[in-house]
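Okay, structure first, notes after.
Just so it is clear, the structure is predicted and the values come from calculations on it, not from any experiment.
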Amino acid sequence: MADSLALSGVVHRYGPDVTLHYPDLQLPGGAELVISGPSGVGKTTWLHFIAGLLTPTSGQVRYGEVTVNALSEAARDSYRASTVGYVFQDFHLMPGYSALENVLLGLGLAGVRGPQANVRAREVLGSLGLAGRLNHSPRQLSTGERQRVALARAVAHRPALLLADEPTAHLDPSRGADAVALLRRTAAELGATLIVVSHDPAVVETFPRRLDLGQPAARFPELVPA
C-alpha cells in the first residue's frame with residue numbers, strides 16, 4: 001500500500017522576480033488528486049517536487065518517512081526508480097526504440113532486468129492493448145498508443161506514486177476520457193497514489209480530490225477526506 005504524502009511550507013523562487021508559494025497538503029496513500037490552475041502557477045513544478053526531479057527553495061516534501069527534498073541527487077534517483085511512475089506531457093519516449101524496448105529501458109533504470117523484465121514489459125503492454133504493437137517505434141504509433149506506451153513504462157516497475165502531467169493534452173475529448181479512466185484503473189490495480197495535473201475541466205470534474213493552484217492560499221482545503 002502506498003504511503004502518505006505531505007507537503008508543508010513549500011516555496012520556490014525563480015530568480016529575483018518570481019516566487020511561488022504552495023499550499024500545505026496531506027494526502028493518504030492510495031488517494032487520487034487532480035491539480036489545476038492557470039498557466040504559470042507552478043503545477044508541473046509542484047509535480048516535479050513530489051517526483052524528486054526538482055527541490056523547492058524552502059519547505060518540506062515527505063513521502064512516508066522520507067523527506068524527498070533532503071535527499072542527495074543520487075538518493076532522489078533511487079527514490080524515483082523504486083517509488084515513482086511519471087507520465088510526461090510529451091511522453092518522452094526514445095524515438096529509436098520500439099514500444100517494448102522503451103518499457104524495458106524504464107525497467108532497467110528501476111533495477112529490473114533480464115527475463116523477468118521482458119515478461120513484465122510484455123504483460124503490462126498487453127494489458128494496455130498493445131500486444132500487437134510491441135516492435136513498433138513511437139513514430140509508427142498513434143498519439144493514444146504512444147501515451148499508453150508511456151503509461152506502461154511508468155507503471156511496469158509497480159510504483160507507489162503515479163504522476164501524470166496533462167495526460168489529455170494531445171487527445172480529443174473521447175480519447176482523453178479513456179486515458180484518464182485508464183490512469184485511474186491502473187493506479188487502483190497497483191494500490192498507488194495517483195496525482196494528475198490538468199487544465200481540462202472535464203478531467204478535473206472526475207476527481208474527488210481537487211487542488212486549484214490559482215486559488216488564494218486561504219481557500220485551500222486540507223485535502224485529507226475524499
Side-chain angles (χ1 to χ4, degrees), residues 1-3 5 29-30 44-56 61-131 133-141 143 145-167 169-170 179 182-183 185-187 189-197:
M1 183 66 180
D3 287 327
L5 176 70
T44 296
T45 299
W46 196 86
L47 209 62
H48 285 181
F49 294 152
I50 297 170
L53 291 165
L54 290 175
T55 56
V61 180
R62 288 185 63 82
Y63 179 72
E65 298 301 315
V66 177
T67 303
V68 178
N69 57 301
L71 298 174
S72 67
E73 185 174 353
R76 291 200 310 275
D77 288 344
S78 296
Y79 158 76
R80 279 194 302 278
S82 63
T83 305
V84 179
Y86 199 114
V87 183
F88 292 91
Q89 180 175 347
D90 294 317
F91 310 144
H92 287 196
L93 298 176
M94 298 294 288
Y97 285 47
S98 68
L100 179 62
E101 289 167 338
N102 266 281
V103 178
L104 287 171
L105 177 63
L107 282 168
L109 294 173
V112 183
R113 300 180 177 88
Q116 179 188 7
N118 194 280
V119 169
R120 192 180 298 181
R122 289 175 180 273
E123 284 179 347
V124 72
L125 285 164
S127 72
L128 296 174
L130 293 166
R133 310 291 274 171
L134 300 182
N135 297 316
H136 289 65
S137 68
R139 64 182 177 81
Q140 296 173 308
L141 300 172
T143 301
E145 288 172 333
R146 290 198 298 275
Q147 184 180 59
R148 280 182 279 156
V149 173
L151 177 57
R153 184 184 57 189
V155 303
H157 65 294
R158 298 169 185 161
L161 274 173
L162 180 56
L163 312 176
D165 189 4
E166 298 285 3
H170 303 293
L182 181 60
L183 278 168
R185 185 172 72 248
T186 303
E189 289 169 353
L190 291 171
T193 300
L194 173 63
I195 303 177
V196 173
V197 163

**Q.** Backbone N/O of L125 and side chain of R133: donor-acceptor pair under 3.5 Å
**A.** no
Q | W46 side, atom CH2; L163 side, atom CG - distance, nearest 0.5 Å | A | 9.0 Å
Q. Shortest non-hydrogen contact from A81 to A110?
A. O-CB, 3.4 Å
Q | Single hit among V112, V124, N118 for side-chain contact (heavy atoms from CB on, under 4.5 Å) with L107 | A | V112
Q: Compare every heavy atom of P167 with every heavy atom of A179, then report the nearest pair and how far apart it is.
A: CB-O, 4.4 Å
Q: Check whether any side-chain N or O of N69 sits under 3.5 Å from a backbone N or O of V61 as a donor-acceptor pair, and report yes or no.
A: yes
Q.
I'd like to know whether E189 forms a side-chain contact (heavy atoms from CB on, under 4.5 Å) with V155, so could you lay out the CA-CA distance, the side-chain angles of the two residues, the decisive distance to 0.1 Å, and finally the verdict.
A. CA-CA 10 Å; E189 289 169 353; V155 303; over 6 Å; no
Q.
Does any part of the side chain of V149, heavy atoms only, come nearer than 4.5 Å to the side chain of P138, both counted from C-beta?
A. no
Q: Determine, step by step, whether L53 and R80 satisfy the side-chain contact (heavy atoms from CB on, under 4.5 Å) criterion, reporting the C-alpha distance in whole Å, the side-chain angles of both residues, the deciding distance to 0.1 Å, and the verdict.
A: CA-CA 9 Å; L53 291 165; R80 279 194 302 278; 3.7 Å; yes
(Q) Would you say that more than 12 heavy atoms from the other residues, nucleotides or ligands in this model lie under 6.0 Å from the OH of Y97, or not? (A) no
Q: Verify side-chain contact (heavy atoms from CB on, under 4.5 Å) between L5 and I195, making sure each step is shown before the conclusion.
A: CA-CA 11 Å; L5 176 70; I195 303 177; 3.6 Å; yes
Q) What residues, two or more places apart in sequence or in another chain, satisfy side-chain contact (heavy atoms from CB on, under 4.5 Å) together with T143? A) F91, R146, H170, L171
Q) Which heavy atom of G30 sits nearest a heavy atom of A2, and at what distance? A) N-CB, 3.7 Å
**Q.** Heavy-atom pair with the smallest gap, counting every atom of D3 and G64
**A.** CB-CA, 3.6 Å
Q. Which value, rounded to the nearest 0.5 Å, describes the distance between L109 atom CG and D77 atom CG?
A. 9.5 Å
Q) How long is the gap from OG1 on T186 to CG on L182, to the nearest 0.5 Å? A) 4.0 Å
Q | Interatomic spacing from CG in L141 to CG in L130 - rounded to 0.5 Å | A | 7.5 Å
Q. Residues two or more places apart in sequence or in another chain: which of them pass ring pair (Phe, Tyr, Trp, His ring centres under 6.0 Å) with H157?
A. none
Q: Report the residues that fulfil salt bridge (Lys or Arg N to Asp or Glu O under 4.0 Å) with R120, sequence neighbours left out, ordered by chain and then residue number.
A: none
Q: Without swapping roles, check the side chain of Y63 against the backbone of I50 for a donor-acceptor pair under 3.5 Å.
A: no
Q.
How long is the straight-line distance from CG of L190 back to CZ of R158, given to the nearest 0.5 Å?
A. 8.5 Å
**Q.** Smallest separation among heavy atoms of A192 and L161, with atom names
**A.** CB-N, 4.4 Å
Q: Report the distance from atom CG of L128 to atom CZ of R185, rounding to the nearest 0.5 Å.
A: 8.0 Å
Q. Looking only at heavy atoms, what is the nearest atom pair of L134 and A131, with distance?
A. CG-O, 3.4 Å
(Q) Run D165 and F88 through side-chain contact (heavy atoms from CB on, under 4.5 Å) and show every step you take. (A) CA-CA 5 Å; D165 189 4; F88 292 91; 5.8 Å; no
Q. Hey, does the side chain of R153 reach the backbone of L105 with a donor-acceptor pair shorter than 3.5 angstrom?
A. no
